Structures are given as structure tokens and as C-alpha cells.
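For reference, the structure is listed below as C-alpha cells.
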Amino acid sequence: MYAQMIESEVECEDPQKLKEFQNRIDAGDKIEPQDWMPNGYRKTLIRQIGQHAHSEIVGQLPEGNWITRAPTLERKAILLAKVQDEAGHGLYLYCAAETLGVSRDELTEMLLDERMKYSSIFNYPTLTWADMGAIGWLVDGAAIMNQVPLQRTSYGPYARAMIRICKEESFHQRQGFDIMIKMAKGSAEQKHMAQDALNRFWYPALMMFGPSDTDSVHSVQSMAWKIKMNTNDELRQKFVDQTAPQADLLGLTIPDANLEWDEHKGGYNFTEPDWSEFYAVINGNGPCNVERLAARKKAWEDGQWVRDGLLANAEKHAAKIPVAAE
Ligand code: BYC
């Protein structure tokens with residue numbers, strides 16, 4: 001249905017309608033599913049919300065990997081709750097995308113056949129328990145930095161989904177920082193693990209914000225439509241400014257010899273990530289891309305009997321409903 005919808009709609013829109021639509025956006029109106037919207041606006045939202053939903057779902061895998069190996073019962077319960085929250089975020093976001101005329105099945109198929117992406121960060125392995133701390137602190141920290149402004153995004157269902165997601169992400173970030181505090185202030189071996197996790201996750205976390213503004217394909221149009229509220233570089237800078245003092249508090253060193261406060265710009269100077277690595281990862285060649293997609297394909301295939309059963313049950317009930325007499 002989605003593919004047909006995109007193919008059948010011609011890109012050129014009525015200029016008057018486009019103008020009225022832009023006026024609504026500029027005035028801060030929320031666009032709702034039944035409202036007229038340009039095809040490009042709909043497509044961009046489906047791409048971004050779908051990618052976001054997939055990220056939440058695939059994002060369960062690196063952390064799910066540690067549920068059975070959490071060091072205490074309390075840590076296990078907290079991690080389990082966090083991973084369940086990510087599943088919930090995926091579901092809110094799939095629902096938001098569905099209001100745009102794409103089904104969850106279609107989105108899933110596009111993930112599995114690699115027509116749609118998910119966040120680059122989840123293609124890195126989680127090697128030690130300290131990685132659970134680094135993910136909560138850095139990955140959820142970066143996610144919040146990106147998602148808090150999205151609570152004001154122009155599409156109503158997306159903005160509303162973000163409100164709840166951001167509340168939960170804040171808890172996730174705190175739990176990660178709490179693990180980092182324990183590790184960084186623990187034994188020499190624990191501190192070493194915390195530093196190693198920071199070393200491995202720092203640049204991948206910076207990549208989460210997307211390519212530099214000069215290479216960002218969608219930012220200009222997405223910002224005009226308020227689908228994005230900030231540029232990739234603006235959010236990356238805010239993230240570095242927020243995180244550098246937190247690393248100091250932990251007594252850990254951010255793996256960037258160029259990191260220094262710049263009084264003039266009122267922010268830190270820092271080294272950009274290796275963009276060739278970023279493009280390799282988003283094009284399917286990161287350390288765990290194959291493994292992550294294989295896990296999602298297996299989950300989709302294993303769940304076929306549940307979908308078949310639900311469909312058969314729905315058909316059975318529909319057949320029982322008497323058709324009203326003409
Ligand atoms: N990874 O023109 P650009 C979470 C792609 S989940 C992969 O700047 P845009 C969590 C981009 O799609 C966090 N691909 O794009 C979950 C485009 O390619 P296509 C997920 C990326 O969309 C579980 C191309 O590069 N958050 O936090 O304007 C546990 C050019 O980029 C990435 C969201 O999804 C990337 N990092 O800006 C724990 C937030 N970056 O599609 C935590 C919503 C770029 O043309 N999304 N690409 O083939 C956004 O805010 C924006 O989509 C982005 C990218 C800032 C990510």
C-alpha cells in the first residue's frame with residue numbers, strides 16, 4: 001500500500017495548498033492525520049518515524065544481550081525494564097507512522113529488506129557490563145538531546161509520542177550514568193572497563209546525530225517543515241557540551257585530544273567522528289549489521305504463527321457478524 005501510495009502521487013503539488021500548509025507550520029499549528037499534507041512531508045515523516053521505530057526495536061538487541069549477565073538482581077530488573085521500554089517506544093512510533101497510511105508490516109518488511117535504516121549506533125557490539133552504563137549515559141543521552149526538541153515537531157502524533165518517550169529516556173540515561181558512577185569509582189579493573197566502554201562508544205554516539213550539516217541531505221527541508229527542530233551539528237555540539245563535564249565528574253577521559261572549552265564560542269571544540277566509518281555502518285558494513293538484521297528476520301519468521309492465528313481468529317469473528325439487511 002505504501003509503495004503504491006508513493007508511486008501514484010505526483011510530486012508537484014498545488015502551490016496554493018503548499019503555501020497554506022507552510023503558513024500553518026510557520027504559525028506553530030500541529031498537523032493531524034486527516035489534514036492535507038504534501039506528499040514529501042508524508043514521505044519524510046514515514047522515513048524518519050519508521051527509522052526511529054526500527055532503532056528502538058533493534059536497539060533492544062545489544063542490551064538484551066546482558067540481561068542474563070547483569071551483576072545483581074536489581075541491575076537485572078532495571079535493565080529488563082529498560083529494554084521493555086524500548087519495545088514500547090517502537091510500538092508508539094509504529095502507531096504514529098500508521099496514521100500516515102503505512103502499515104507496521106510494510107515498515108517491518110522495508111527494514112528487513114534494507115530499504116529502511118535504523119540508527120548506526122546499534123551496529124556496535126556490547127562487550128562488557130560497562131557497555132550497559134555507556135549506552136545509558138551516552139546513547140540514551142544523545143537520544144534525549146535529539147528527541148526533546150521533537151516533542152515540538154509539527155506532526156501531532158509524532159510530537160505526542162515523543163513526550164512519553166522522553167520521560168522514559170531520561171530514566172534510561174540516569175540508570176546508565178549510575179552504572180558508570182559505580183564502575184568509575186570502583187576497583188581499578190572496574191574503572192578500566194568504564195574507560196574502555198567510553199573509548200568505544202564516544203564516536204559512535206556522536207555519529208547518532210547524523211552527518212555534518214554540509215552533508216545532511218534532508219535537514220533543510222525537514223527543518224522548514226519542523227519535522228526536525230535543530231540541525232545535526234547543533235545537537236552534536238549540545239551533546240558534547242553536556243557530556244564533557246559529566247566525564248570529568250566520573251574521572252574518565254573522553255578519547256579526544258582536541259577536546260577543549262572554547263570561551264569565544266561558548267562550547268567545546270572537539271574532533272568530528274570518522275565519517276567514512278559512519279557511511280560504512282549505515283550502508284550495512286558495521287561490526288554487527290549482519291547479526292542485527294538476522295536477529296530481526298528470525299523474530300519476524302518465528303512470529304508468523306502468531307500473526308496467522310490472530311488473522312484467522314479475526315476472520316472467524318468477522319464471519320459471525322450478521323450483515324445488516326439492505
Ligand atoms: N544512523 O539527511 P540526514 C534510541 C541517514 S533510538 C543511520 O541528516 P535526517 C535508543 C539518514 O537516514 C534513536 N542512518 O538525515 C533505542 C539519511 O539516509 P536516507 C533513534 C542515519 O533524517 C534503544 C542519511 O543518513 N533516533 O535512542 O534528516 C535503546 C542522511 O542524513 C543516521 C531517531 O531516529 C544514523 N545515526 O537526520 C537506546 C531520531 N544519521 O534515510 C536508545 C529521529 C543519518 O536518506 N531521527 N542517517 O537513506 C532524526 O532525528 C533524524 O532522522 C536523524 C538524521 C538526525 C537521525
Side-chain angles (χ1 to χ4, degrees), residues 40 43-66 79 81-90 92-93 96-97 110-111 114-124 126 131-132 134-151 153 155 158-159 161-162 165-166 168-173 175-176 201 203-236 239 273 275 277-286 289 292:
K43 269 206 281 194
T44 304
L45 277 171
I46 290 175
R47 184 184 59 78
Q48 181 167 316
I49 301 174
Q51 174 170 312
H52 194 164
H54 297 325
S55 305
E56 301 282 358
I57 297 298
V58 178
Q60 295 174 93
L61 296 169
E63 289 177 289
N65 185 31
W66 278 91
L79 186 60
K82 178 184 191 287
V83 172
Q84 283 175 337
D85 284 351
E86 310 298 358
H89 298 174
Y92 310 148
L93 288 162
M110 287 193 276
L111 167 71
E114 298 176 55
R115 276 176 292 155
M116 284 186 89
K117 295 184 167 72
Y118 58 89
S119 181
S120 49
I121 190 74
F122 302 117
N123 291 306
Y124 291 85
T126 44
D131 291 7
M132 296 304 98
I135 289 187
W137 174 36
L138 301 174
V139 175
D140 289 277
I144 297 171
M145 195 55 84
N146 168 279
Q147 291 171 24
V148 164
L150 291 178
Q151 295 176 109
T153 192
Y155 188 55
Y158 191 27
M162 276 304 136
I165 291 177
C166 284
E168 294 178 350
E169 295 290 15
S170 304
F171 153 69
H172 297 170
Q173 203 261 354
Q175 70 85 36
F201 276 95
Y203 287 103
L206 294 188
M207 291 177 200
M208 286 177 72
F209 297 96
S212 70
D213 290 351
T214 43
D215 295 321
S216 171
V217 184
H218 304 289
S219 284
V220 171
Q221 182 58 75
S222 289
M223 286 184 63
W225 277 333
K226 296 190 184 161
I227 289 174
K228 274 169 90 163
M229 307 303 288
N230 302 86
T231 73
N232 301 351
D233 286 338
E234 279 168 10
L235 291 175
R236 198 172 0 257
F239 174 74
W275 293 117
E277 178 181 321
F278 169 77
Y279 285 110
V281 173
I282 69 169
N283 288 316
N285 300 313
N289 294 60
R292 300 291 184 239

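Computed from a prediction, not measured in an experiment: that's the story for all the values here. In each ligand, atom 1 is the first atom listed, and ligand 1 is the first ligand listed. Keep in mind that the numbers below use all heavy atoms, side chains included, and drop hydrogens, waters and symmetry copies.
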Anything under 30° is parallel, anything over 60° is perpendicular, the rest tilted; go ahead and classify Phe278 against Trp275. perpendicular
Test of proximity, [X] against ligand 1: N or O pairs below 3.5 Å:
X: Val217; value: yes
X: Tyr158; value: no
X: Ser55; value: no
X: Glu63; value: no
X: Glu86; value: no
X: Asp140; value: no
X: Met208; value: yes
X: Lys82; value: no
X: Lys117; value: yes

Closest heavy-atom pair and its distance - Pro273, Tyr203: CA-CD2, 3.7 Å
Below 4.0 Å, non-hydrogen atoms only: which portion of [X] touches ligand 1? Side chain, backbone, both or neither.
X: Ser222; value: neither
X: Asn146; value: side chain
X: Asn232; value: side chain
X: Phe209; value: backbone
X: Lys228; value: side chain
X: Tyr118; value: backbone
X: Met207; value: backbone
X: His218; value: both

Can you find a protein heavy atom closer to atom 35 (C) of ligand 1 than 4.0 Å? yes
